[in-house]
Structure formats: C-alpha cells, structure tokens
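Here's the structure, in structure tokens; my notes come after.
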Amino acid sequence: MEDEFAIQSFKPALSTNLTLQKKLLPIFKYREQLLYAIETFQVTLIHGHTGCGKTTQLPQYLYETGWTKDGKIIGCTQPRRLVARSVAARVSEELTTEVGKTCGYKIQFEHNISDETRIEYMTDGTLLKEILTDPLLERYSVIIIDEVHERTINIDLLLGILKRILIKRRDLRVILASASANIQKLNDFFYEKDKIETKSISIEGKLFPVDVMYLENPTENYVNTAIETVLNINSSYPSGDILVFLTDRREIEECVKRIESSAVTTPDDLPMLVPLPLHSGLTLDEQLRVFEIYENRFRKVIFSTNIAEASVTIDGIVYVVDCGFCKQRIFNPYSRVSKLIRIPISKSNAVQRMGRAGRTNSGKCFRLFPKTIYDSLKDESDAEISHSDLLPAVFFLKAIGLRNIYQFPFYIPPPTVHIIAALEDLYFLGAIDDYSNLTDPTGLQMVELPLDARLSKALLSSASYDCTYAMLNIVSVMMAGDVFYRPSSNQYEATACHATFTTEEGDILTGLNVFESFLNRRTDMKWCKANFLNYNTLSHASEIRKHILPYLQRFHISPEKRIRDIDPSKMIECLLQGFFRNVAHLQDDGSYRTILGSPVLVDHKSTLINKGIPWIMFTSMVEYEGRAFINGVSKIESKWLEKFYHRKNKK
DNA sequence: GAGCACTGC
C-alpha cells in the first residue's frame, strides 16, 4: 500500500465484510509461510506489488501471533507522512479500535500513540531519529521497512544501521518489503554466514495485465509525440482515462494548452478530452481536480510529473503514456550547488509507470521510445545517496558515534568527495571539531533539533543576537514551506495582497511578518483565504514552533518574551551564521555573482528582485538549464561577512 | 524576459 489518497480510496470497501476482505488480499495465502520465515530467520525479504496487502496485513499477523506479548512493538516505516497516517487509520479500523490505541502513527511534528500501542507506523526519518536515543531499538521486536526499492538516503542509512543492530540483538526481526523484483542484492547485503540468516518470499500480486507498445523509431520531440499519442488513443481506443508522464511543469503546461486548443477540431462522435495538470507546484485544491469524475462523453487526460509514479495514485487510469525521462537533482560537492537535469528513467521506473494503468482493470502503456532503448535502460535508478548533499547523513553518522564514516556498512558507499564536502560544511558550522567529533554543546544540540542543520545553527546562535523569539518563528515558517498562495486564476489580486506583507529586508522577514500576523490573528482561516495565504503551511508552521520550543527550554536559550525594538537586520545577521556560504554581490550590470564568482539569478517571485541591493544572502540555489536561481533572498551588510571570510594578509 | 523532479527529521 503506498496510496497517497488512501483514505478516500478505501472508503467504499468498508461497507462490505471486513474479515472476508482481508482474506481476499493476495498476502493472505502466504500468512503461515511468512510467519514461519520471520520466526526462523532474522531477516525476511518480501517482494510484493502495490495492493498485495503487505503494508496493512503483515503487522496485524505479527500482532495476532504474539510478537508484542512481552510489551515490545512492531514498527513499520514508510517514505511518506501521509501514508504512515492513513495506513494507521485503516489498520485501526480493521482492528475496530481508535487510532492511537493498539495501532498508531508518528511522523515529524505529529504523533498519535499511547502506552498500549503495539503497531506503530512511522516515516523512515522518524525511526532514524529514534536511534539517537534507543541505539539498539530495544522497544521493538520487529521492524518492517516498506518500499525499500525507493532507495532514499534514509532507507540506505536504515539498512546499514539495522545490519549492525541485528548482530547485537539476536531476538530482533527485520522485514524488508520491496516492489522491485531484484531483491537478491538486498539478500546478499544482509546475509552473513553463522551470523545473519535471511529468507526471500515473493507474493504474487493481483495486477491486471497491461499491454506495452513502443515507438518504431526514436522521437525527436516527445512532447509532440505525447500529444499525437493522446489524440490517437481518443480516436481509436475504447473509453478510459489517460495518464501521461512528462518531466516538468513547462512541458505539462504546454500539453494542457495544446489539448485545450485541439478541442475545437474534435469530431462530435469522439469523447471530449479534459486536460489536467499534476505536479507539486499546484495547490492541494488544484491537485485534487485529477480525482473528479466526469460523464462518459468526457475523457480525462492527466499530464503529470513523477508525482504520479509513487506519491499520488489515481484510479480509473486505462492508458499510460511514458516519455521515458525524469528530472533528477544532482549535487555538486565542489560548488555545493544542485543541478536539476533530465535523465532517462530506469526499467523499474518504466514498470512502475506502466503499473499505473493496471490497478483496477487491464490497460495499455505507450512508451514513447523504441524497445531497443528500453532494453538499454538501467535496471534500477541510482540511489539518492550517490548524488545528493550528504550533510544530514554524515551528521547523523557522526551523532551515532562513527569516527570514520567508512566504518559504516553502506549498502552502496557514497563518493568520497561528497563525504568530505559534508564534513567540511559541518566543521565550518561548528558542529564538529578538529578531530571530527561532535562539538559540545553546539553539535549535540544541532543534531537533536528536528531542523535543517543551517537553521539549527542560526537558532542556537540567536541568543547572542537577542533574537531567539524571532528566530524561532523564522525557522518554523521556513521549515513549513511557501506561505504565499497564488491561484493561477487570480494572480494579480494575490500579488497585490502579498505586497502588503513585504519588508525591505527581503523574503525571510516577509515570511516572518506573515507568520506573526497569522499567530496574532489566532490562526484565522478566513483571513488567510482573503489574503491569498497558505493556511495549511501556516498552521503547520505553528505546530513546528510548538515542537521546537521545548528543545530551546532544555538548552536554556528559551525566548522569554518578544523584544519589541529589536533591529530586524540582527535577525538576518544571525541567520547568516548558518548560511554564510550563500552570499551574492551586485555587479555593475545589475546581475549577481556568488562569492565564488558564479552568476546567479534572483527568482522572479522574490521581494528583492530588481532592487539593486549590493550584498544579499539566499537560502536555496538550484541550477536549471545552465542558469542558477536563488530563493529566500535577504539584504545583508558586507561587514557581517568579515568573521567568515578573513583577508589573507590580515594579522 | 522567463525561469525549479520528488520526498523528509
């Protein structure tokens, strides 16, 4: 189970007999075999498709057979928060209890568990954090890592850590659940003669057959080919919705426009195509439009990014059109800049995309490339750990006491330069010392805070700038996301409303201004709507704020009260303690260059665009099609930089 | 002048 909108899609089924329904799931036939394997082997690897029941049923089987009798817990991790929450709700319904009793969930800044909870769903990041206080995971009798094939950094770290723990805790059981057929490698990683015994089990899914079709020759332009394919499906194939995988927002918007304009020439006897965009840049309401049901004379065609590959599941898709590419963020450890590039998908991506057509009925998948290209694709995508900023991962490994990062049993060892870059950054943030040990108290406190390391650093520095109250609000709203909401239909009015919150110091204090107005208004939803502010982001920010406050009290830097007359620029100077690398200087021609000399463009949504501020700090930078865009821009004074960038001849 | 895959503690 990995459905983002799981609660909605489960609703109709609940009216039928729940016990019978559980027995109809493919996993039910494997119940005894699975329980025997888990009893006998320390590690069980399960290969099973989405919908086979592994996520909801397995913890219940273990609970029924006494794996929690001694007071221990069955833990099950998920890559996504929404799934952890909705699966806990589903399982609680099957157990006819409330969420938080026998079965509960815990995700960052939110949990619903109690002393009687025996099945805990959580995100993989939550389990990692728990290892800092419970290094052998002694609260648990069984750990299930779900969606192992997604190979996020968190999953890779958990695999290595669990391998270490298994040798010390012979009673612990680990179950790895994957939708990828290739679980042999995982098996080889865990198996150690006379130490760790492993067992693999494959569950036959209940997927419907999907016919795959290829192009005879490669296409020069897959956007054109996608449009042609959609029109062709509409005129030649029976009813059923279409899902088209593209790589980014621009391609999606182009396709939506072209299908809209094709409507004029659509013959009357053909269904009317309803083009719908789906990507993370849309608001929740805009995203939910893809779930609307249309009459028979219409046919939905959803143009989507990778978001529909695993995060969002739409029922009723009969045709999938796959362009064969996706976007990937590649971190450059030398410049510390991430680049967003288009790369060919892997075979396992292609299979996952194809499967989106076979969920409720048989379907068809049109791959916009020849079969020979498919055969040449990699089996699996590169693991995230091989091309990402490893600062959080290395910080975590330092926190669990690794002197040498390479002592860690990596499933795949990350490149050395990435590790060195992360160590260097941690050193300059003051989180580790000359011997590469966590500093006390800064490093220890930073790793404990549930924040980005740079934000942790700024928050912990705030006492010396007398701005802890403001910095608490700033980091809370920065963690929560974009506070401004710009509906495509009403952009002009939205921008005008947003302008009333603008401060001359830039984007960060503008965000603070919005958040503090929100708190003063006692989190008024109507007020948010009227001002085009994102209510969900702002209430999430106040949840985050509530959760960080106790840490500050424990560290004895709690904000006593708001200091009214504090100079706003103090806050930016404090933030610079974490973001001192992210500085740019105005050039004579009005453009900006970073302190390393590379040109950057201020995002057009920034409040400081075209303001001609000599020195600026930014909180994020992404390179796209050869240009680097910066976000979260604030005005700074060059003299604030002196302590970070000493002149060479300075005595 | 426009301009950014997806997650998460």
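Here is how names work: the chains are called A, B, and so on, in the same order as the sequence lines, proteins then strands, and each is numbered from 1. As the structure is a prediction and not an experimental result, all values here were calculated from the model. Side chains are part of it too, since the values below use all heavy atoms of this structure and drop only hydrogens, waters and symmetry mates.
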Check your understanding: Starting at CZ of A:R249 and ending at P of B:dA5, how long is that distance when rounded to a whole Å?
Key -> 6 Å

Point to revise | Nearest-Å distance for atom pair CD1/C1', residues A:I252 and B:dC4 | key: 12 Å

**Study point:** Partner residues of A:D389 under the side-chain hydrogen bond (donor to acceptor under 3.5 Å, both in side chains) criterion, sequence neighbours left out
**Key:** none

Review point. Across the strands shown, which category fits A:I153 at heavy-atom distances under 4.0 angstrom: base, sugar-phosphate, nothing?
Key: nothing

Practice item. Ignoring backbone atoms, test whether A:R250 places a side-chain nitrogen or oxygen under 4.0 Å from the OP1 or OP2 oxygen of B:dA2. Key: no

Check your understanding: So is A:R85 actually on top of A:Y121's ring, under 6.0 Å and inside 45° of the axis?
Key -> no

Review point. Are OP1 or OP2 of B:dA5 and a side-chain N or O of A:Y624 less than 4.0 angstrom apart?
Key: yes

Review point. Roughly how many Å is it from CD1 in A:I385 to P in B:dC6, rounded to a whole number?
Key: 22 Å

Study note, to complete from the structure: Whole-Å distance, A:E147 CD to B:dG8 P, equals 13 Å

Revision key, fill the gap. When rounded to whole Å, the NE2 to P distance for the pair A:H540 and B:dC9 reads 8 Å

Check your understanding: Got a sec? Which of residues 121-135 of chain A come in under 4.0 Å of DNA chain B, heavy atoms?
Key -> A:T123, A:G125, A:T126, A:K129

**Study point:** Short N-O contact, A:D507 and A:K605, less than 4.0 angstrom
**Key:** no

Review point. So among A:V633, A:N631, A:V622, which one has a side-chain contact (heavy atoms from CB on, under 4.5 Å) with A:D603?
Key: A:N631

Exercise for review: Would you indicate which nucleotide in B:dC4, B:dA5, B:dT7 comes nearest to any side-chain atom of A:R80?
Suggested key: B:dT7

Practice item. Just call it for A:D248: base, sugar-phosphate, or nothing, with non-hydrogen atoms closer than 4.0 Å on any strand. Key: sugar-phosphate

Check your understanding: What is the distance, rounded to the nearest whole Å, between atom CD of A:Q78 and atom P of B:dT7?
Key -> 15 Å

Review point. Is A:T305 near enough to B:dC6 that one of its side-chain N or O atoms lies under 4.0 angstrom from OP1 or OP2?
Key: yes

Check your understanding: Hey, are A:K106 and A:E120 close enough for a salt bridge, meaning a charged N less than 4.0 Å from a carboxylate O?
Key -> yes

**Study point:** Separation of atom NZ in A:K339 from atom P in B:dC6, rounded to whole Å
**Key:** 20 Å

Point to revise | Touch class at under 4.0 angstrom, heavy-atom based, for A:Q108 against every strand present | key: base

Exercise for review: Indicate, yes or no, whether a donor-acceptor pair under 3.5 Å links the base of B:dA5 to the side chain of A:R342.
Suggested key: no

Study note, to complete from the structure: Heavy-atom nearest nucleotide on DNA chain B taken for A:N631 and for A:M479; more 5' hit belongs to A:N631

Check your understanding: Of A:V602 and A:I307, whose closest DNA chain B nucleotide lies nearer the 5' terminus?
Key -> A:V602

Review point. For A:Q352 and A:S348, does a side-chain donor sit closer than 3.5 Å to a side-chain acceptor?
Key: no

Review point. Which whole-number value in Å describes the distance from A:D603 CG to B:dC4 P?
Key: 8 Å

**Study point:** Salt bridge flag under 4.0 Å for residues A:R139 and A:D134
**Key:** no

**Study point:** Donor-acceptor contact below 3.5 Å, side chain A:S542 vs main chain A:S539
**Key:** yes

